[in-house]
Amino acid sequence: MDYLYAFLVGGGICVIGQILIDKTKLTSARILVLFVVLGCVLGGIGVYQPLVDFAGAGATVPLPGFGNTLAKGVMEEVDKSGLIGALTGGLKASSAGITSALVFAFLAALIFNPKEK
Amino acid sequence: MENSAKNKELYQDMVKKASPDSHIFKDCVKAFIVGGIICCVGQFITNYLKELGLTQNDTGIYTSSVLIFISSLMTGLGLYGKLGKFAGAGSIVPITGFSNSVTSPAIEFKKEGFVTGLGAKIFIVAGPVILYGVLTSVIVGIIYYFIK
Amino acid sequence: MAKHIGQQSIKFEKKISIAATASTVGTKEGEGPLGKYFDVILKDAVDGEASWEKAESKIVKDTLTLAVKKAGLTMDDIDYIFSGDLLNQGTGSAYGIRDLNRPFFGLYGACSTFGESISLGSVTIESGGASKVLVGASSHFCAAEKQFRFPLGLGTQRPLTSTWTVTGDGAAVLSKNGAPPYITGITTGKIVDFGITDANNMGAAMATAAADIILTNLKDFNITPEYYDLIITGDLGYVGKELTIELLKKEGIDISNNYTDCGIEIYDRENQDTHSGGSGCACSAVTFSAYFYNKMKKNELDRILFVPTGALMSSTSVQQGESIPGIAHAVIIENHPKGEL
């Protein structure tokens, strides 16, 4: 069942993005920004975590999940170390994602040359 | 052909009529299927790692990293761009789309040097994502501190 | 001497001959419906060079050299080169002609550049300042996408109104005396901006400029559209062509029977996934140099109005929310010029 929920919720979030692209001519960069910010806000008010519990990867893999990670991290750090946690929590929680994206991108750039479409 | 405000407005209507709309239903179906499949791949990796006995937290980190790696590799091979053309938001919105947006400029701007090219351009899409994500998280943290 | 006619036109007295043309295109264009007309079709986007930008300059150099050769001349016979492209600061042309060692006017008219170079080349010959000039324009799909949009590897969808930048270079040798076809007049465009801001709908941004210049040309020379066997715009694509026809209809002029667009001719819409059609400096340059020049030489076309169209925005101006200014330059090309034109 977890695959079905992941598929439905993950696919559903992507459909929202697609409607935005087709209807508002937002570029992919703006969609990414919007979804991360949205995920962070929803995570902050505690709405996103139930979706993660329900759909698993269907909610964590799409970019709002990345935003939710930021929100979760920041709140955990605030719990642990007070107001300073607002500064440290976000990047701490998302460090693995950002770092692996940078590292793999760099390695890919070393190996591959740009391809024409 | 007078360039008046009224003519400009009329022309906007003409353009709207002459420009074909995107096939939104078809686009959405494709986005739904591909986005759903990518999430299922994520779910598969998660389940597998859990069986290996990893903690919840580590599982999340490894899952993201593996997906990011796959997307980087596919971008290098020129496959992710093709997938994106088919799937639209279906391959933009998942974390693999974020990885694609980091890898593709890194590869393309290599020719302009490691610092001014690759190094600077690697963030053309990811930079704003990280900036506004972190900014939002700081606000969330501050509010949370005062109301918790 | 040349005569200024009407508002924006010049009528030439000399018979300015298009002595020869040459064209080079990328793989995609080579696979299109006009494939067999091009002189050179590249095997890949880099053509043995280290980058797309370097490849574009190489194409410029090779195509200009070929045009001179086809005219039976050597580079030393050329008095001036007029050439332009889409890259920042016109580097596609500048590096391309670096080794050709001839006086050079670098032009920027976006995708209308070929019309601009033919116009200025003709004026130079008419003035007596030159007897043979080389005119050209180039663009490169990958280099243009990289400069104006996002990296090619980024997985995005192109809207249906967008056009595909043609990879290639088109060049022509203009000569004071020689065989037909002749350039007999020009109508130079002004900037026309009807407030289009969507950089993915360039056809719409340029259609107003195209319609305006066609209208002005007919007025200035006091003729009707039937005067021409064919009116050929540069790179409006399907969306822009439809708009141009409609705009002119509102002015009481019907060109729907003798009008086409290079951006429509160059690709196969169904099989090549180019959406609204082709664009870029090379679009009108290679389509004219290869296809329409050939048709004129064979007398299948006797008299055309060639109208390369351009959108004069930059990525910065688009990001700042500016609308896209359009421009178009009309060139009258005839096999049998009428004395009274």
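Since the structure is predicted, the reported quantities are computational estimates derived from the model, not experimental observations. Numbered from 1 within each chain, the chains take letters A, B, ... in sequence-line order.
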More than 12 heavy atoms of other residues, nucleotides or ligands under 6.0 Å from [atom1] of [X]: is that the case?
X	atom1	result
B:K30	NZ	yes
B:K148	NZ	yes
A:K25	NZ	no
A:L4	CG	yes
A:Q49	CD	yes
A:F7	CZ	yes

Leading residue by heavy atom contact count with chain A [cutoff under 4.5 Å; candidates [options]]:
options	answer
B:L135, B:D21, B:L77	B:L77
B:I124, B:L118, B:T96	B:L118
B:I139, B:N47, B:V29	B:N47
B:G76, B:G42, B:S71, B:S99	B:G76
B:G84, B:S22, B:C40	B:C40
B:I45, B:V41, B:V102, B:V125	B:V102

Which atoms of [X] come close to chain B, meaning under 4.5 Å heavy atom to heavy atom: side chain ones, backbone ones, both, or neither?
X	result
A:I21	side chain
A:I16	neither
A:I31	side chain
A:A93	neither
A:S28	both
A:V61	both
A:L34	neither

Specify the closest pair of heavy atoms between [X] and [Y], including all atoms of both residues, with the distance to one decimal.
X	Y	result
B:T103	A:A108	CG2-CB, 3.5 Å
B:S72	A:A105	OG-N, 3.6 Å
A:C14	B:G35	SG-CA, 3.5 Å
B:C39	A:G10	SG-CA, 3.4 Å

With rounding to the nearest 0.5 Å, note down the distance linking [atom1] in [X] to [atom2] in [Y].
X	Y	atom1	atom2	result
B:Y144	A:E77	OH	CD	11.5 Å
A:L20	B:I92	CG	CD1	11.0 Å
B:S137	A:L70	OG	CG	5.0 Å
A:S100	B:F69	OG	CZ	11.5 Å
A:F104	B:T75	CZ	OG1	12.5 Å
B:K110	A:I111	NZ	CD1	9.0 Å

### Task
Can you label the angle between the A:F106 ring and the B:F114 ring as parallel, tilted or perpendicular, going by 30° and 60°?
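It falls in the tilted class, 30° to 60°.
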
Can you find a heavy atom in the side chain of [X] that is under 4.5 Å from one in the side chain of [Y]?
X	Y	result
A:C40	B:V140	yes
B:V129	A:L63	yes
B:C28	A:I19	yes
B:I107	A:N113	no
B:F32	A:L8	yes

Output yes when a side-chain donor or acceptor of [X] lies under 3.5 Å from a complementary backbone atom of [Y], and no otherwise.
X	Y	result
A:K115	B:G78	no
B:Q43	A:Y3	no
A:Q18	B:A31	no

Report which part of [X] has an atom under 4.5 Å of a heavy atom belonging to chain A: side chain, backbone, both, or neither.
X	value
B:I130	side chain
B:I122	side chain
B:F109	neither
B:A126	neither

Interface residue of largest heavy-atom contact number with chain B, from [options], under 4.5 Å:
options	result
A:V41, A:L87, A:D79	A:D79
A:D22, A:V74, A:V33, A:L107	A:D22
A:I45, A:I98, A:T27, A:I13	A:I98
A:G56, A:A101, A:P114, A:A109	A:A109

### Query
Which is it for B:F123 and A:L102 under the side chain to side chain contact (heavy atoms under 4.5 Å, CB included) test, yes or no, and what are the steps along the way?
CA-CA 9 Å; B:F123 284 111; A:L102 290 176; 3.8 Å; yes

### Message
My understanding is that only one of A:V37, A:V36, A:L32 makes a side chain to side chain contact (heavy atoms under 4.5 Å, CB included) with B:Y132; could you say which?
### Response
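Of the listed residues A:V37, A:V36, A:L32, the side chain to side chain contact (heavy atoms under 4.5 Å, CB included) partner of B:Y132 is A:V37.
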
### Query
If contact means a heavy atom pair closer than 4.5 Å, which residues of residues 48-66 of chain B contact chain A?
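Near chain A, by residue number: B:I61, B:S65.
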
